[in-house]
Each structure stands twice: as C-alpha cells, then as structure tokens.
**Student:** 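Have a look at this one.
Just so you know, residue 1 is the first one in the sequence shown, and it goes up from there.
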Amino acid sequence: MKLLRSFWWYAIAWPLLSVEFLHGATAPYDVIIHHGKIVDGSGNPWYYGDIALQGNRIAAIGQVAGEARRVIDATGLIVAPGFIDMHSHSDWVLFEDGNAQSKIRQGVTTEVIGESTSPGPFQFTLAPRTVSVGGEPVQIRRLNDYFAALERAGISVNVASYVGEGTIWECVMGSSFERPGPGELQQMRELVGEAMRDGAFGLSTALMMPPSLLATTDDLIELCKTVREHGGIYSTHMRDEGLGVFDSVKEAIRIGERAGVPVDILHLKIADQKYWGRMKEVVALIDEARRRGVNVQANVYPYTRGNNDLVSIIPPWAHEGGRSNLLARLKDPGQRLRLKHDIRNGVPGWYNHFTAVGGDWRRMLISANNPYQGLTMDRVIALKSEARKPPPDPLDILFDLLIEQNGSVSTVYAHHTEEDMNLALSQPWCSIGSDGSALATEGALRRGHPHPRSFGTFPRVLGVYVRERGLLRLEDAVRKMTSLNAAKIGIRDRGLLQAGLFADITIFDANRIIDGATYEEPFRYNQGIQYVIVNGRMVIDQGTHTGARPGRALRHRTTAPSPIASDEKR
C-alpha cells in the first residue's frame, strides 16, 4: 500500500515539479513570449501567461523567468497553437514557392494534403512524377520520395498527407472503367500499405468523379481495412453532396464502422438548392453514429461557394478512357445529344453540378488561369454567342469551352447556404479546413482567379464567426483549427500549447483579425496575424515573411489498431 501511495505521488507531483523547474530555469531560451492571452488549443478558457521556446520545442509555459535571445511582448494579443489546415491542395505548388505565403499568413503551420489524388505512389500504369529541387530534377515514385524532395526544397509550413484512393486506383486500373478483380484489389491494398508505411495518415477519396467514383462501398471497406492495420483514418469527399447527401453520409459511416477506422467528411455541406435547410438531418445521422461508437467527424470551410471544375458537369460515362476520349466525345454531335440529356435530367448515383445550382450559369465563376478568369459562365456564354444566329445552346458553349481549354476549367460554384454551413460549423466534431492552396499575391503563384478560401479561411472564422457574429467562442474556434485536427489524424506532438511539444505558434490580434480576400478580388492577405512560429523559428514577424523555411514532412507513425468486432458479429 505504501508503494502504491508512493507511485501515485510521483505520477501526480513529478510533472508539476518538472514544470516549476522549467519556469525557474535561468539558462537562456531562444524565444520568450511575454504577457499573452493564451488560448492553448484544448478548448479550455484563456489565461494570461508566458511561453518559452528552446530549439524546436516549447520549453516552458505559465509564468516564465529567465533570459532569451528574442523576447516578444504579446500584450493585447492571442497566443495560440499554429493552425492545422485539415484540407489543403498545396501538394505541388510548394515546389514552386515553399514560402507558402497565403497559408502561413493565415497562421497555418501544418497543411494536410492528398485528397483522392496524392503525391504518390506513381507505379504500374502511372509514370513517376518529376519535380525541380534546387534546379535539379527529382523523380517521385512513392510518397516517401515526395516527403524527402519537399524537405530538401525547403518549406515554411509542415506537410502531412493522405494516400489518395484515386491515385491508387489509377496505378492499378489506369483509365479503364473495368471492375478490378481480386488480384487487382490486392495490388491496391499493397500500395495503400506501402504508403501508410511511408507516413500517410490515412486513405482519402473524392467519390463524386472518376476514378474514385468507380470504387464501391465494399472496395473502400477493403482498402480501409489495410488503413486500420496501420492506425490510420478514412477522409472522404462524399459521393454526392446534393440530392444523395443522406445516402452518402450513411456510406461514409458504414465504411468507418465496417472497416474499424475513424472517418472525417471533407467540407460537409448540402450542395443542391432542393435540399437547402436540411443540415440538421445530416447532423442527426452523424450524432446517431457517434452514439453507437462510430468515430465519424467532419470539417468545413467558412464560405457558401465551392471550387470544382466545369468538367464535373460532364456525366461520368463520358470520362472513360481518359482526357483524349472525353474530348473526342465532346466533339461528336451524336454524343452531345446524349450529354445534354444526361446533364439536364441527371444520371442515377451522380452528383450533378448543373442541376445543383438550378441550371443558373450566373452561379458559376471561372477561377481558371485562362482568358475567362473572373467571369461568370453567363457572361462567357454571352460573349461566345454575340455573332451567332440563332443563339447556340449554352451547353454547346460549355462543350466548346472545355475543348478549347483541353478538358479542364476550374470553377467556383455557389451551391450551399450560410444557415446550413453555420449549423455544421458549430458542431463539436466539426473542424476547419480550407480546401485551398498556398498561393501568393505576386510572382508565379498569382494566377487564375482562385476561391478566396486560399487566402482567408482561418482569419474569416476568427473575425466573422467569433468576433462579429458570436457563433463560436474564441477557445472553441481555436480548438477546431488546432487540437481537433491533430487528434483526428493522429498528430501527437502539435496542436496544443504544452511544454515538450513542437513550437508551432500563431499570435494574432483578436480585435483586428479578418480575411481580406473576396470572390471578386481573391489575391488579398488577411489582417491581424502578427507572428507565426514553425518548429521554433520565426516565419511571420510583425506581419512580414522572414523567408525562413523550417517546415517538415510529418509522417504518420503506425499504431496497432484497437480490437473491433468482426463484420459477422455486427
């Protein structure tokens, strides 16, 4: 009994003594942040305190004594963990400019990439990808090659990645729409396993379009069983966010339940005007699944428009065989008749962007880097119809535009509502992800007419939904940007302000923070982010990028899965 009491004394008292020791340390720290209002990422109430950094870690937190090479007076500022962007598309642009300007200036210190198409593996039918690192070509065959090349190139943010199911599918099946046989499905499982060992945090899908659309629920369950062996997560852009949204949520829940993996639904929304106002039913489905023990969660971006491609208006069957075959079908008058019928009337099991926005071309804004950037499709149609008598069918204009632009025109769609988004955002299991890329207001990465979320997501949450509208408490909003995202995918040493964890820190003025980017003028940085520290190094210093690139590739550490009942016992 005496031994037991001694054990508990050490278990409780030693961590406290350790913290006191750190607080009283006199050795010089690298950085001390004094007098900040600390919002530690846990959701707990803020408190005033200091934070000391040594190397790439937080050395002490509370009332810190001692000297430092750099002292930051954070009086009147919020000190928070660096934000984790749960849904990013910066996969390749970081090789063009590792400064990650539009993300780091939002306070983002970690980006999670790899939605369906990940930067590896590239094997079998997919040729290796080549990137330039320091002026030298580097070939990428698997996810680990990408991580190594990224670190060698130098990045200002940390990067974590899923393995994309679409990439896995294409490695094995190419552009064929044939069903995989048992051997091919086993090849896919082996590739997923290899990527998980390389450091992927889980499997990600985008089930709205080929090739991911070709995977059945059972296919995804089988692939996720491999993910479970490595302690990973299933992240999904669901099959249908419109009229099939309820069935799609149920499918995501079923995959998680049957495979025994956590689930995160990307950019949860109701993206068809016929179902607007029914987010409470989606929330009820998720809450019910959680009550019975299925770990299903979601993330959102704080906007009511999404970014996809005009080619998503083209039905799935027309994509078989790859882009060259798609373009041939778009040029064929006979095929155009079938395409028009399917676009206007829909195809079972397909999320139809055209009908989702009521066939309203004004709700489609061209974001691609082409001569039509910044125009809505109704204006493009008017321009291309001016000299034609009689006026052409607008769908013919769409087909011609896709042919002219080689089958791809990035587009912003106005397809969901503020009320539905707010209800999703306020749920305790819903976190923040931008669904954007690391762009810049000048240089090579100022191109096209992007969605403003690439520049404004995180400041918008804090400025609009915390300060102006009071939808969220500050502490809850910070949690949704930090520890909630870290916990979802298994990042164990970031996302909280705690002694011993990596020093990823964002310092901002809660009274000034606001997004600057708009749909009309997307190339604007936000206001209010004063300092951003990544792995203990200053990247944003009083609002200015220092040029530092201390970011790392974060690799998932495989963990043994918890016991779960077999399918037969469920």
Side-chain angles (χ1 to χ4, degrees), residues 114-118 120-127 162-193 195 200 202-227 234-245 247-256 258-259 261 263 265-266 308-330 335 338-339 342-343 346-353 402 407-408:
E115 181 202 345
S116 186
T117 55
S118 55
F122 300 106
Q123 299 183 37
F124 306 135
T125 68
L126 283 186
Y162 300 114
V163 55
E165 178 270 335
T167 298
I168 294 292
W169 193 277
E170 284 195 273
C171 279
V172 176
M173 301 300 295
S175 59
S176 168
F177 274 34
E178 296 293 322
R179 286 286 307 144
E184 290 161 323
L185 193 58
Q186 180 57 31
Q187 273 188 307
M188 292 184 195
R189 289 192 64 166
E190 290 171 0
L191 287 174
V192 170
L203 180 75
S204 179
T205 60
L207 299 175
M208 184 191 69
M209 291 287 289
S212 285
L213 175 148
L214 303 172
T216 66
T217 304
D218 287 341
D219 293 337
L220 297 171
I221 290 168
E222 287 303 307
L223 295 179
C224 281
K225 286 178 180 177
T226 298
V227 171
Y234 173 60
S235 176
T236 180
H237 176 148
M238 297 188 300
R239 207 173 288 276
D240 192 335
E241 297 174 328
L243 301 184
V245 65
D247 287 338
S248 294
V249 171
K250 291 174 184 176
E251 180 187 39
I253 292 168
R254 184 182 177 208
I255 291 166
R258 292 277 304 277
V261 293
V263 176
I265 297 173
L266 298 174
N308 205 290
D309 197 295
L310 278 182
V311 80
S312 64
I313 292 176
I314 306 302
W317 60 264
H319 295 262
E320 183 172 6
R323 183 168 296 187
S324 60
N325 286 345
L326 167 69
L327 293 173
R329 293 183 182 106
L330 292 175
Q335 297 284 1
R338 180 183 173 188
L339 287 168
D342 287 354
I343 290 169
V347 174
W350 170 52
Y351 172 59
N352 187 335
H353 270 82
L402 286 171
S408 179

**Student:** Are any side-chain N or O atoms of Ser248 and backbone N or O atoms of Gly244, one a donor and one an acceptor, separated by less than 3.5 Å?
**Tutor:**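 A pair under 3.5 Å: yes.
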**Student:** Between the side chains of Thr167 and Thr117, does any donor sit under 3.5 Å from an acceptor?
**Tutor:**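 The criterion, which ignores hydrogens and geometry beyond distance, is not satisfied for Thr117 and Thr167.
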**Student:** What's the spacing between Glu170 CD and Ser176 OG if we round to 0.5 Å?
**Tutor:**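 Atom-to-atom, Glu170:CD and Ser176:OG are 11.0 Å apart.
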**Student:** Please lay out, stage by stage, how Glu184 and Arg179 fare under the test side-chain contact (heavy atoms from CB on, under 4.5 Å).
**Tutor:** CA-CA 9 Å; Glu184 290 161 323; Arg179 286 286 307 144; over 6 Å; no
**Student:** Apply side-chain contact (heavy atoms from CB on, under 4.5 Å) to the pair Ile255 and Thr217, showing each step before the final yes or no.
**Tutor:** CA-CA 7 Å; Ile255 291 166; Thr217 304; 3.9 Å; yes
**Student:** List the atom of Val163, the atom of Pro121, and the distance in Å for their closest heavy-atom pair.
**Tutor:**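 Taking Val163 first and Pro121 second, the nearest heavy atoms are CG2-CD, 4.0 Å.
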**Student:** At their closest point, which heavy atom of Ala206 faces which heavy atom of Ser212, and how far apart are they?
**Tutor:**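 Looking at all heavy atoms of both residues, the shortest contact is O-CB, 2.9 Å.
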**Student:** So Trp317 and Gln335, do their side chains get closer than 4.5 Å, heavy atoms only?
**Tutor:**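 A side-chain contact under 4.5 Å exists here.
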**Student:** In a check of side chain to side chain contact (heavy atoms under 4.5 Å, CB included) between Leu330 and each of Val311, Asn325, Ile314, which one passes?
**Tutor:**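 Of the listed residues Val311, Asn325, Ile314, the side chain to side chain contact (heavy atoms under 4.5 Å, CB included) partner of Leu330 is Ile314.
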**Student:** Evaluate the side-chain proximity of Leu266 to Ser235: yes if any heavy-atom separation is below 4.5 Å, no if none is.
**Tutor:**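 In short, these two side chains touch, coming nearer than 4.5 Å.
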**Student:** Can you sort out the partners of Arg329 under salt bridge (Lys or Arg N to Asp or Glu O under 4.0 Å), two or more places apart, ordered by chain and number?
**Tutor:**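 Here no residue qualifies.
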**Student:** If I take atom CD from residue Glu115 and atom NE2 from residue His237, how far apart are they, to the nearest 0.5 angstrom?
**Tutor:**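 NE2 of His237 is found 6.5 Å from CD of Glu115.
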**Student:** Any side-chain heavy atom of Tyr234 within less than 4.5 Å of one from Thr205?
**Tutor:**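 Yes, at least one pair of side-chain atoms sits under 4.5 Å.
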**Student:** Write down the atom of Gly346, the atom of Asn352, and the distance for their closest heavy-atom approach.
**Tutor:**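 Minimum heavy-atom contact is CA-ND2, 3.8 Å.
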**Student:** Any carboxylate oxygen within less than 4.0 angstrom of a Lys/Arg side-chain nitrogen, looking at Glu222 and Lys225?
**Tutor:**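 Salt bridge flag = yes for Lys225 with Glu222.
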**Student:** Quick one: do Leu214 and Glu178 satisfy side-chain contact (heavy atoms from CB on, under 4.5 Å)? Show the steps, please.
**Tutor:** CA-CA 9 Å; Leu214 303 172; Glu178 296 293 322; over 6 Å; no
**Student:** Do Arg189 and Leu223 have side chains that get closer than 4.5 Å, going by heavy atoms?
**Tutor:**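 When only atoms from C-beta onward are counted, Leu223 and Arg189 do touch, with a gap below 4.5 Å.
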**Student:** How far does SG of Cys171 sit from CZ of Phe124, to the nearest 0.5 angstrom?
**Tutor:**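 With rounding to 0.5 Å, SG (Cys171) is 7.5 Å from CZ (Phe124).
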**Student:** Looking only at non-hydrogen atoms, find the nearest pair between Ser312 and Asp309 and report the distance.
**Tutor:**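 In terms of heavy atoms, the two residues are closest at OG-O, 2.5 Å.
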**Student:** Let me know which of Thr125, Leu191, Leu126 forms a side chain to side chain contact (heavy atoms under 4.5 Å, CB included) with Val172.
**Tutor:**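 Among the candidates, only Leu191 passes.
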**Student:** Taking the side chain as everything from C-beta on, heavy atoms only, tell me whether Lys250 gets closer than 4.5 Å to Arg254.
**Tutor:**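 The answer is no; the side chains never approach within 4.5 Å.
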**Student:** Can you confirm whether Met238 sits close enough to Met208 that some side-chain heavy atom of one is under 4.5 Å from a side-chain heavy atom of the other?
**Tutor:**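 When only atoms from C-beta onward are counted, Met208 and Met238 do not touch, as no gap falls below 4.5 Å.
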**Student:** Test side-chain hydrogen bond (donor to acceptor under 3.5 Å, both in side chains) on Asp342 and Trp350; report intermediate values, then the result.
**Tutor:** CA-CA 10 Å; Asp342 287 354; Trp350 170 52; over 6 Å; no
**Student:** What do the steps show when you test Thr236 against Glu165 for side-chain contact (heavy atoms from CB on, under 4.5 Å), and what is the final call?
**Tutor:** CA-CA 10 Å; Thr236 180; Glu165 178 270 335; over 6 Å; no
**Student:** Can you measure from NE2 (His353) to CD1 (Ile343) and round to the nearest 0.5 angstrom?
**Tutor:**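 The distance works out to 12.5 Å.
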**Student:** Hey, are the side chains of His319 and Met209 touching, using non-hydrogen atoms and a 4.5 Å cut-off?
**Tutor:**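 Yes, their side chains come closer than 4.5 Å.
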**Student:** Spell out, as yes or no, whether a donor-acceptor pair under 3.5 Å connects the side chain of Arg239 to the backbone of Leu213.
**Tutor:**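 Indeed, once roles are kept as given, a pair shorter than 3.5 Å links the two residues.
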**Student:** Kindly give the heavy-atom pair with the smallest separation between Cys224 and Leu203, and that separation in Å.
**Tutor:**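 Answer, listing the atom of Cys224 first, then Leu203: SG-CD2, 4.0 Å.
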**Student:** Side-chain donor-acceptor pair under 3.5 Å between Asp219 and Trp169, yes or no?
**Tutor:**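 Looking only at side-chain atoms, Trp169 and Asp219 do not form any donor-acceptor pair under 3.5 Å.
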**Student:** Of all the heavy-atom pairs spanning Pro210 and Pro316, show the shortest one and how long it is.
**Tutor:**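 Scanning both residues, the minimum pair turns out to be CG-O, 4.1 Å.
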